[in-house]
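Here's the structure, in structure tokens; my notes come after.
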Amino acid sequence: MQSQAATHTRSSHRFLCSAAILLVLIVLIYAVMGVWSQEDPRHYPYESYLLQAQAWLKGQTYLDENYSHLELADYEGKYYVSFPPVPSIPMVLYTLIWGDDVPGGLFQKIYVAIAALLILSELMRTGRMKWGDCVAWALLICLASAMLPVSLIGGVWYEAQILCFLFSICAIVAMRRRHPTLSCLCFALSVGCRPFSICLGPVLLMLYLEDAKLRRLSLRQSIRRLMPGLIVGLCVAACYGAYNYVRFGNIFEFGHNYLPEFTSSEHGQFSLYYIAQNWSKLFFGAPFHVTEAQLTFEKFGFSMFLSCPILICNLVWFIKDDLLTRSMTRTKWVILLMGALNMLLLLMHKTLGGLQFGMRYALELVPMCFVWLLLSPDRRALTRWESVLLGMGLVFNLVGGVAIHV
């Protein structure tokens, strides 16, 4: 017993030290970006969720007026926030504390830090990786990606993307730690931030089934343990549907179809027609274009592989470590299929997002890369080529994220 207690104490100390190092690195990176870009973390320029929270506190689902700098749905003479509602839920508390002066840019960074700590905790819990590698992976998974530039300033599009990432990581960690009900709740909340994150659901289910098989649970026991989580998830989904119905008379409509750019579009919000114009940008788009003999950063997105190099890592892992060695598992096949489905949905969408450095929509694929890493013991130690690639991705997103907002 004393030996177990001593081991637990050492593990706790090791995690606290690692977490402190990780947080210091995150703070330093954001400090450099803040000084360089002169962005105030308290600034909240695109405050859709703040306005929605204030409307809720007044008993309204619509805003009092139109705001030309925001993407608002125009429906039957009223203006609605045209995004899924979950990010407005914590904003209600922030509004009660800060009123109109909510430090939106600061909370973006806090969400990223929490996600990084969860990744660190799960990697260290496995006990198969040195603490330095755990810190590096946690930092690079989060910040060597489009997450870094979108978390620089406060804004409705970025807030939804970051919270979706955080809830997705929470769902993965909870499922890995045998808390299926909590996992289902976090997953449902992630969908309430970014609907395409629904593609993570089958991956979580596979994690649950693999664990149930390892524990030799019967089918009845497995269903019984999962049922409360499914009920919770369905209840959350019912709340989304009710909210959509109250606003637009359609349980599946959260407002995007009533944006001017979609109401005036011949092909609507989703269409196979858009694949032809989106695939080259999503896969091969350049990060800049030439205007008047000058290089200008592309503000409407570029290659997801340049933006999130962890996707390149995952592609190499798939080919080199799994496909060629014929060691693919069912869970990894599901990850691959759900990632492909997510990309197909992105390709069918009219726009890949604007006012961004990189491809923020690709952030929905990063949690799946995290799961793949957890399921690949041989890839857990950070190799030289991964360090170089992800390190370059960190610098690239840092410089680009500052440059596009200056």
ring-ring contact (aromatic ring centres under 6.0 Å, His included) partners of Trp333, counting only residues at least two apart
none
Closest approach of Phe165 and Leu363, non-hydrogen atoms and distance?
CD1-O, 3.9 Å
Would you please name every residue forming a ring-ring contact (aromatic ring centres under 6.0 Å, His included) with Tyr80, sequence neighbours left out?
Phe248
Under a 3.5 Å distance rule, please check whether Ser37 uses its side chain to pair with a backbone N or O of Val402 as donor and acceptor.
no
When you measure from the side chain of Tyr240 to the backbone of Ala188, do you find a donor-acceptor pair of N or O atoms at a distance under 3.5 Å?
yes
Donor-acceptor check, side chain of Gln356 to backbone of Leu352, threshold 3.5 angstrom: yes or no?
yes
I want to check something: taking the side chain as every heavy atom from C-beta on, are Trp137 and Leu373 in contact at a cut-off of under 4.5 Å?
yes
Donor-acceptor side-chain pairing of Gln54 and Asp64 below 3.5 angstrom
no
Got a donor-acceptor contact below 3.5 angstrom from the Ser48 side chain to the Leu70 backbone?
no
Is any side-chain heavy atom of Tyr208 closer than 4.5 Å to a side-chain heavy atom of Cys184?
no
Rounded to the nearest 0.5 Å, how far apart are CG of Leu345 and CE of Met343?
10.5 Å
Can you confirm whether Met392 is buried at CE, in the sense that more than 12 heavy atoms of other residues, nucleotides or ligands lie under 6.0 Å from that atom?
no
Side chains of Arg360 and Met304, heavy atoms from C-beta outward: is any pair under 4.5 Å?
no
Taking C-beta and beyond as the side chain, do Leu117 and Leu23 meet within less than 4.5 Å on heavy atoms?
yes
Output, in order, the C-alpha distance, side-chain angles, deciding distance and verdict of side chain to side chain contact (heavy atoms under 4.5 Å, CB included) for Phe167 and Cys193.
CA-CA 9 Å; Phe167 283 127; Cys193 298; 4.0 Å; yes
Between Gln269 and Asn257, do the side chains contain an N or O donor and an N or O acceptor separated by less than 3.5 Å?
yes
Applying ring-ring contact (aromatic ring centres under 6.0 Å, His included) to Phe302 and Phe357, what does each step give before you reach the verdict?
CA-CA 8 Å; Phe302 54 80; Phe357 180 81; 5.0 Å; yes
Taken in chain and number order and not counting sequence neighbours, the residues that satisfy salt bridge (Lys or Arg N to Asp or Glu O under 4.0 Å) with Arg194 are Glu364
Around atom CG of Asp100, are there more than 12 heavy atoms of other residues, nucleotides or ligands at under 6.0 Å?
no
Quick one: do the Thr329 and Thr331 side chains pair a donor with an acceptor below 3.5 Å?
no
Answer yes or no: does atom CD1 of Ile198 have more than 12 heavy-atom neighbours from other residues, nucleotides or ligands under 6.0 Å?
no
Is there a side-chain contact between Phe396 and Pro309 (heavy atoms, below 4.5 Å)?
no
Asn397 side chain vs Ser307 backbone, donor-acceptor pair below 3.5 Å
yes
Test ring-ring contact (aromatic ring centres under 6.0 Å, His included) on His256 and Phe83; report intermediate values, then the result.
CA-CA 7 Å; His256 247 44; Phe83 300 94; 5.1 Å; yes
Please check this pair: side chain of Lys109 against backbone of Ser151, looking for a donor-acceptor N/O pair closer than 3.5 Å.
yes
Min side-chain heavy-atom separation Leu163-Leu166 under 4.5 Å
yes
Could you report the tightest heavy-atom contact between Ala138 and Ala116, atom names first, then the distance?
CB-O, 3.5 Å
Can you check whether Leu311 reaches Cys369 side chain to side chain, under 4.5 Å on heavy atoms?
yes
Could you tell me whether the side chain of Arg225 and the main chain of Thr181 form a donor-acceptor pair under 3.5 Å?
no
Would you say the side chain of Ile153 lies within less than 4.5 Å of the side chain of His43, judging by non-hydrogen atoms?
no
Shortest non-hydrogen contact from Trp131 to Ile21?
CZ3-CD1, 3.4 Å
Is it true that Trp157 and Glu71 share a donor-acceptor pair across their side chains at a distance under 3.5 Å?
yes
Which residues pass the salt bridge (Lys or Arg N to Asp or Glu O under 4.0 Å) test with Lys332, sequence neighbours left out?
Asp322
Expected output: side-chain Glu386 to main-chain Thr383 donor-acceptor under 3.5 Å:
yes
Could I get the full list of ring-ring contact (aromatic ring centres under 6.0 Å, His included) partners for Phe196, not counting sequence neighbours?
Phe270
From CG (Leu375) to CH2 (Trp317), nearest 0.5 Å:
11.0 Å
Does atom CZ of Phe283 have more than 12 heavy-atom neighbours from other groups under 6.0 Å away?
yes
Between Tyr44 and Trp98, does the ring-ring contact (aromatic ring centres under 6.0 Å, His included) criterion hold? Intermediate values first, please.
CA-CA 12 Å; Tyr44 196 19; Trp98 285 280; over 10 Å; no
With sequence neighbours excluded, give me every salt bridge (Lys or Arg N to Asp or Glu O under 4.0 Å) pair touching residues 153-180.
Glu122-Arg176, Glu122-Arg177, Arg178-Asp211
For a quick test of reading the model, state the closest non-hydrogen atom pair linking Asn342 to Leu365 and the distance between them.
CB-CD2, 3.8 Å
Please give me the minimum heavy-atom distance between Gly154 and Gln108, naming the atom from each residue.
CA-NE2, 3.6 Å
Salt-bridge criterion met for Glu253 and Arg247 (N-O under 4.0 Å):
no
With a 3.5 Å distance limit and no angle check, can you tell me whether Ser218 reaches the backbone of Gln221 through a side-chain donor-acceptor pair?
yes
Restricting to non-hydrogen atoms, name the atom on Thr351 and the atom on His349 that form the minimum distance, rounded to 0.1 Å.
O-ND1, 2.7 Å
So, Tyr94 versus Phe107, ring centres under 6.0 angstrom or not?
yes
Taking His179's backbone N and O only, do any of them form a donor-acceptor pair with Ser183's side chain (distance below 3.5 Å, no angle check)?
no
Working to the nearest 0.5 Å, report the span between NE2 of His267 and CG of Leu272.
11.0 Å
Between Phe297 and Phe288, does the ring-ring contact (aromatic ring centres under 6.0 Å, His included) criterion hold? Intermediate values first, please.
CA-CA 4 Å; Phe297 282 116; Phe288 50 79; 7.4 Å; no
